[in-house]
Amino acid sequence: MNRFFRRQEVKRPRSLVIALAVPLFGAIVATPVASAQPALSGAATEFSVLAREGQSVASVERAIRAAGGTVVTSNAAVGLITATAPANGFAERVSADRSVFGAAKAKPIGTAPKEGKAKVKPNVVEKESRGAASAKKPAQPKAVGMDPLDDQLWGLQSVRSDLSRTKQPGDKRVKVGIIDTGVDASHPDIAPNFDLAASRNFTKDIVSDVNGAVVDGPCEFRGCKDPVDHDDNGHGTHVAGTIGAAANGFGVSGVAPNVTLVNIRAGQDSGFFFLQPTVDAITYAGDAGVDVVNMSFFTDPWLYNCAANPADTPAQQAEQRTIIEATTRALNYAHRKGVTQVVSLGNQHSDLAAPQPDASSPGYPSNSTHPRQIDNSCLSLPIEGPHTIGVSSFGPSQAKADYSNYGVEQISVSAPGGYFRDYFGTPWYRTVENQILSTYPRNVGVAEGNIDAAGNITPAGVTAGVQKATAADGRVGYYQWLQGTSMASPHATGVAALIVSQYGKGSRDFGMNPDAVQRVLEGTASDIACPTPRTVDYLKEGRDASFTATCTGDASFNGFYGHGAVDAWSAVTRGSEFLRG
């Protein structure tokens, strides 16, 4: 969920640029005369227009046309409509209609990128270990049904997937949606469980932003839309492998190695997650009968969405109100449709009830950030939206990872997410094996310099701990180490998928109420008490005072671990205790 790696690579040129959305909120309706309406001018631009609650999509579409715009697509579940219109004047016109909640400028069309500027978000958490040495810990004995590299997956053993799969390895009828940067379905560990027909990509490649900074770079595929079985970032594929890599005698296996994986892409190649594709992905999960979704991101461009932060302009405040409203509607819709929504808690090392100042927003377009004081009325989304299961991260020693957000307001459970600086004072400190190993797209490894054109791991890849597996039939898979709450939530998502597999009901419409899934997930989690002392400063690990965290609560529920560490074995053997009554 942090700002993970944003990759630059050479692609064929294209002529599409996306700029920061700037919605206008809740204008008072009047009876305008022609001379009072702002003139339309500027280049063709794409807008997102949100209907007021209770207003029909058709009425907003009429308002769009009356304001001089053209309707492109509509999300009826949320009332979010994509339209094109001249850049200037349209938002003011359409927002004056009583049916419209807000209008967001999404992307200017036809602007060529400037050379030499790259918009790369910082990736100080998930790939912190790049360049570190390996501890070469001894291999652990493999249990029945485990794959060759599973002895390195301490997280898999922590959640007791090695035991749970002997009773419930996952049901193919259970669909798990990966709302992320894409999934590489050609990976041998992903392919057996991947549902190509159900997968969707709600994004288009972005060449550069309005300031000319490179975002995704020129598009690779016709129409600037990547196939649904492709991942140009690597984050989504890593998440998918942790959830449901097949137990096929090759590479690694996932927490729920027999469930069905569905790519529901909402993230750009660069890792940005914008409002329209995010909302579309969440509502699609409900419409497509997906049982569980994993969301390891926050919706850009605001880390925290504040209704009226004095540091923001009126237009920026309006934008954030629109993001809150649209996201809330989408999460409610998916929940009504039976989707269990598992979300990473975030990597800002903050108590979400008392968030630290935000100097990273708006993160798009480039050079737009400004410092903001954040209070508890501001929301990081989707984690602080309704019906979400928030997951914090711990390391192999079960210590809360230094980067992990925490706090009793939003946390539900905790899970293995990796902690590079775990085991201070031992040879395991600052070693890649403290993180999470999972599936890695070859194309991303080549772009990052960790894999060469012939498919061999480069010296840089060896240092980073990149691994390669080759099957007898010549199939090749690659694996990388990452850390973050983005790696913790997939462990919890996998356990949630096992819960649906074990206790779900129905023949044609097999599934399970998401509130019931959450009760089992939380009820069967393994209690972890707050550390002693309760305040942890991380100073000896090389962190500054902003990382200092205090754990509140008791062993059954606290701000570091929630209801405890997710436990797949307990979930599939004791879950019925939490379904009675």
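Start at 1 with the first residue, then count along the sequence.
Nearest approach of Asp231 to Val444, heavy atoms of both residues: O-CG2, 3.6 Å. Nearest heavy atom pair, residue Val391 against residue Val342, reads CG2-CG1, 3.7 Å. Shortest non-hydrogen contact noted between Val432 and Phe420 is N-CE1, 4.2 Å. Annotation for Ile451 and Thr458: closest pair C-CG2, 3.8 Å, computed over non-hydrogen atoms. Scanning all heavy atoms of the two residues, the minimum distance from Ala240 to Leu261 falls at O-CD1, 3.9 Å. Between Thr493 and Asn294, the shortest heavy-atom distance links the atoms OG1-OD1, 2.8 Å.
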- Item | Steps toward side-chain contact (heavy atoms from CB on, under 4.5 Å) verdict (Lys172, Asn193) | CA-CA 8 Å; Lys172 284 293 183 189; Asn193 292 339; 2.3 Å; yes
- Query: Are Ile383 and Met295 close enough, and set up right, to give a side-chain contact (heavy atoms from CB on, under 4.5 Å), and what steps lead you there?
  - Reply: CA-CA 9 Å; Ile383 181 56; Met295 292 184 274; over 6 Å; no
- List the steps and the verdict of side-chain contact (heavy atoms from CB on, under 4.5 Å) for Lys468 and Tyr440. CA-CA 10 Å; Lys468 177 181 179 180; Tyr440 188 29; over 6 Å; no
- Message: For Asp226 and Asn201: C-alpha separation, side-chain torsions, deciding distance, then whether side-chain hydrogen bond (donor to acceptor under 3.5 Å, both in side chains) applies.
- Response: CA-CA 7 Å; Asp226 294 346; Asn201 176 13; 5.3 Å; no
- Item | Criterion side-chain hydrogen bond (donor to acceptor under 3.5 Å, both in side chains) on Gln157 and Asp162, from CA distance to verdict | CA-CA 6 Å; Gln157 297 165 39; Asp162 53 339; over 6 Å; no
- Message: Under the criterion side-chain hydrogen bond (donor to acceptor under 3.5 Å, both in side chains), I'd like the reasoning laid out for Thr283 against Asn75: C-alpha separation, chi angles, the key distance, then a yes or no.
- Response: CA-CA 8 Å; Thr283 58; Asn75 183 320; 3.0 Å; yes
- Task: List the steps, then state whether side-chain contact (heavy atoms from CB on, under 4.5 Å) holds for Lys167 with Gln502.
- Result: CA-CA 9 Å; Lys167 178 177 176 63; Gln502 183 68 20; 3.6 Å; yes
- Item | Working for side-chain hydrogen bond (donor to acceptor under 3.5 Å, both in side chains), residues Glu128 and Gln483 | CA-CA 8 Å; Glu128 182 191 3; Gln483 67 172 5; 2.8 Å; yes
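Ser158 contributes atom OG, which lies 11.5 Å from atom CG of Leu153 (distance to the nearest 0.5 angstrom). Ile243 contributes atom CD1, which lies 11.0 Å from atom CG of Leu498 (distance to the nearest 0.5 angstrom). The distance from atom CG of Asn347 to atom OG of Ser392, rounded to the nearest 0.5 Å, is 11.0 Å. In this structure, CG in Leu521 is found 4.5 Å from CD1 in Ile499, a value given to the nearest 0.5 Å. Here the CD atom belonging to Glu448 is positioned 6.0 Å from the CD atom belonging to Gln480, to the nearest 0.5 angstrom. A distance of 10.0 Å separates NE2 of His238 from OG of Ser486, quoted to the nearest 0.5 Å.
The backbone N or O of Gly286 sits nowhere less than 3.5 Å from a side-chain atom of Tyr333 that would complete a donor-acceptor pair. A donor-acceptor pair is defined here as one N or O able to donate and one able to accept, closer than 3.5 Å; no such pair exists between the side chain of Gln518 and the backbone of Pro514. Side chain of Asp195 to backbone of Val262: no donor-acceptor contact under 3.5 angstrom is found. Judged purely by atom type and a 3.5 angstrom limit, Trp481 has no side-chain atom pairing as donor or acceptor with the backbone of Gln435. Remark: side-chain polar atoms of Ser412 are not paired, donor with acceptor, to backbone N or O of Ile389 under 3.5 angstrom. For Arg329 (side chain) and Ala77 (main-chain N/O), no donor-acceptor pair under 3.5 Å exists by modelled atom type. Checking side-chain atoms of Gln168 against main-chain N and O of Gly170 turns up a donor-acceptor pair under 3.5 Å. The main-chain N or O of Lys400 is never found under 3.5 Å from a side-chain atom of Ser404 such that the two would form a donor-acceptor pair. Side chain of Ser161 to main chain of Val255: a donor-acceptor pair is present (N/O by atom type, distance under 3.5 Å, no hydrogens or angles). Of the possible donor and acceptor atoms, one in the side chain of Ser414 sits under 3.5 Å from a partner among the backbone N and O of Gly564.
Looking at Asp567 and Thr524, their side chains never bring a donor and an acceptor atom within 3.5 Å of each other. A side-chain donor from one of Gln268 and Asp216 sits under 3.5 Å from a side-chain acceptor of the other. Between the side chains of Gln152 and Gln467, at least one donor-acceptor pair of N or O atoms lies under 3.5 Å. Inspection of the Asp515 and His335 side chains reveals an N or O donor paired with an N or O acceptor under 3.5 Å. For the residue pair Thr439/Tyr479, the side-chain donor-acceptor check at 3.5 Å is not satisfied.
No side-chain heavy atom of Met512 sits less than 4.5 Å from a side-chain heavy atom of Asp291. Residues Phe194 and Leu196 meet the side-chain proximity criterion, which asks for heavy atoms closer than 4.5 Å. With a 4.5 Å cut-off on side-chain heavy atoms, Ile436 and Trp154 count as touching. Looking at heavy atoms from C-beta onward, Val290 lies in side-chain contact with Val293 at the 4.5 angstrom threshold. Residues Glu522 and Phe578 fail the side-chain proximity criterion, which asks for heavy atoms closer than 4.5 Å. Counting heavy atoms from C-beta outward, Ile282 and Ile179 have side chains that approach closer than 4.5 Å.
Aromatic rings of Phe394 and His491 (six-membered ring for Trp) have centroids beyond the 6.0 Å cut-off, not under it. Between Phe273 and Phe297, the ring centre distance stays below 6.0 Å.
For the pair Arg265 and Phe202, the cation does not sit on the ring face, since its NZ or CZ is not both under 6.0 Å from the ring centre and inside 45° of the axis. Because its NZ or CZ atom is both nearer than 6.0 Å to the ring centre of Phe510 and within 45° of the ring axis, Arg173 counts as a cation-pi partner of that residue.
Ring geometry for His230 versus Phe221: interplanar angle over 60°, hence perpendicular rather than tilted (30 to 60°).
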